[in-house]
Participant: 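Encoded as structure tokens, here's the structure I'll be asking about.
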Amino acid sequence: MALMKVKFDLKKRVKLAQGLWLMYWFAVMAGVLVFSMGLFFKIELRKRSEMMDNNESHFVPNLLILMGVLACGINAFGGKICYDSLDPTKFSKWKSVLKPFLVACLIFNVLLFITAFLCFSLRLALQFTLAEGLRNSMKYYKDTDTPGRCFMKKTLDMMQMEFRCCGNENYRDWFEIQWVSNRYLDFSAKEVKDRIHSNVDGQYLMDGVPFSCCNPSSPRPCIQYQVTNNSAHYSYDHHTEELNIWKRGCRDAMVSYYGGLMNTIGALVLLVTALEVGVMVGLQYVNTSLTTLVNPEDPESESEGWLLEKSVKETFTDIMEKMKAMGKGNQVEEGGEAQAVATVS
């Protein structure tokens, strides 16, 4: 028994085809939207690619761009079929390709749903890639004279000011690395010598942070050096006083930004998937209603349309049987080839 059977006359078929044609062009615009979102997210990632440990995070925006292009092509083709379905003579040329096209639409919708899922799950991958990438970037902050790294200071400073953050996990991450270039250190000074000799790596470590960690909204002048030395500043206690540097780590800030962006994109992709499923179902009704005309010679005759020719259970059973038959056919072919090889040898 056919699933979700509907009776059609000429008026209903025309309305369905016209409405579906309009929906297909909305779907084309939705494809442009998916493409634009992928392109926008790829540009956002590239802005800070130096602070990411790998290029795997670009897989999702690349996939969005691909799915957007495919959506435009598939929906434009579907719109053409719906337009031609208003004229039975024009529609006849599409009958042989409609079933493969509907299968392709089903596969495309599954891929679109997977893309939406990947958008929601990207947050976890970003946490790992940013943790390692930011840690390495901070080590290169001082290398303003090194080719290939001279831009890292500006990149990190701009990022900390834009996201209102400091360090990887928090501002104390700057205490564990030398972020001032040797070029600006007076090695004859006792304080510099003592700090360098105080650690096994011979680095100039201090309880200070770059200027970009300063909170401009603080009424007090920024305390970016000797942050943990209460005696170095008047009326200051770093344990109890609200510090006038950003306390939030940049990894958390960037994951929140990119995660929120990807959640929004994922939700939009799900809406596009729902639209794609809708037009696919509509095209199936157009196809079945035109192939079941009571009198093919009379376009005004009644017909029936359905979503599936059989029930869901029967359709699934048929698919499994076809897959088994294909598997047995491949086994027979392999067995025949092996027997032929044995005969020759």
Side-chain angles (χ1 to χ4, degrees), residues 43-55 57 126 128-234 236 238 241-255 257:
I43 292 171
E44 284 295 298
L45 287 176
R46 280 198 175 277
K47 283 181 183 177
R48 303 170 186 93
S49 58
E50 301 88 358
M51 292 177 282
M52 296 184 181
D53 188 44
N54 55 55
N55 293 320
S57 52
L126 280 173
F128 291 105
T129 188
L130 281 170
E132 192 63 30
L134 279 170
R135 194 177 296 115
N136 292 332
S137 299
M138 289 170 65
K139 292 177 183 177
Y140 303 141
Y141 182 88
K142 68 180 187 302
D143 298 340
T144 52
D145 298 325
T146 306
R149 297 177 186 171
C150 55
F151 59 87
M152 192 57 72
K153 178 182 182 299
K154 179 182 177 182
T155 302
L156 280 168
D157 283 333
M158 294 297 291
M159 181 264 296
Q160 291 191 142
M161 289 188 288
E162 181 182 350
F163 288 95
R164 298 185 174 188
C165 59
C166 187
N168 185 4
E169 296 288 341
N170 54 57
Y171 67 93
R172 288 182 175 271
D173 293 330
W174 289 108
F175 300 175
E176 300 171 4
I177 61 169
Q178 178 181 335
W179 54 271
V180 178
S181 174
N182 290 340
R183 180 181 178 182
Y184 305 108
L185 294 176
D186 181 6
F187 286 93
S188 62
K190 184 177 182 302
E191 181 189 356
V192 174
K193 289 180 180 179
D194 291 343
R195 286 188 181 276
I196 291 174
H197 293 149
S198 64
N199 67 89
V200 292
D201 294 327
Q203 293 184 328
Y204 181 75
L205 305 181
M206 58 180 176
D207 56 344
V209 296
F211 78 95
S212 52
C213 285
C214 294
N215 180 357
S217 301
S218 174
R220 180 170 187 159
C222 185
I223 298 175
Q224 65 180 108
Y225 295 106
Q226 297 182 319
V227 176
T228 59
N229 186 357
N230 294 335
S231 61
H233 312 282
Y234 176 73
Y236 175 75
H238 77 278
E241 187 170 334
E242 185 71 24
L243 297 179
N244 52 9
I245 57 175
W246 303 117
K247 290 184 177 180
R248 189 184 191 187
C250 290
R251 182 182 69 166
D252 180 55
M254 291 180 72
V255 167
Y257 170 71

Participant: Determine which pairs satisfy salt bridge (Lys or Arg N to Asp or Glu O under 4.0 Å) with at least one residue from residues 167-180, sequence neighbours left out, and list them in order.
Facilitator: Glu169-Arg251
Participant: Among all residues two or more places apart in sequence or in another chain, which pass the side chain to side chain donor-acceptor pair (under 3.5 Å) test with Asn230?
Facilitator: Asp237, His238
Participant: If you measure SG to SG, does Cys250 sit under 2.5 Å from Cys165?
Facilitator: yes
Participant: Report yes if some heavy atom in the side chain of Trp179 is under 4.5 Å from a heavy atom in the side chain of Met206; otherwise report no.
Facilitator: yes
Participant: List for me each residue that meets side chain to side chain donor-acceptor pair (under 3.5 Å) alongside Thr155, sequence neighbours excluded, and say none if there are none.
Facilitator: none
Participant: Quick one about Tyr141 and Asp157 (side-chain donor to acceptor, distance below 3.5 Å, no hydrogens or angles considered), yes or no?
Facilitator: yes
Participant: Do Phe187 and Ile196 have side chains that get closer than 4.5 Å, going by heavy atoms?
Facilitator: yes
Participant: Side chain to side chain donor-acceptor pair (under 3.5 Å) with Lys142: which residues, sequence neighbours excluded?
Facilitator: none
Participant: Which value, rounded to the nearest 0.5 Å, describes the distance between Met51 atom CE and Met254 atom CE?
Facilitator: 4.5 Å
Participant: Sequence neighbours excluded, which residues qualify as disulfide bond (SG atoms under 2.5 Å apart) partners of Cys222?
Facilitator: Cys214
Participant: Testing Ile177, Val192, Asn182 for side-chain contact (heavy atoms from CB on, under 4.5 Å) with Tyr204, which one passes?
Facilitator: Val192
Participant: With a 4.5 Å cut-off on side-chain heavy atoms, are Leu205 and Ser198 touching?
Facilitator: no
Participant: Decide yes or no for Val209 and Trp246: does some side-chain heavy atom of the first lie under 4.5 Å from some side-chain heavy atom of the second?
Facilitator: no
Participant: Output yes when Lys47 and Glu162 qualify as a salt bridge under the 4.0 Å nitrogen-oxygen rule, no when they do not.
Facilitator: no
Participant: Residues two or more places apart in sequence or in another chain: which of them pass side chain to side chain donor-acceptor pair (under 3.5 Å) with Tyr257?
Facilitator: Glu44
Participant: Are the side chains of Met138 and Trp174 in contact, using a 4.5 Å heavy-atom criterion?
Facilitator: yes
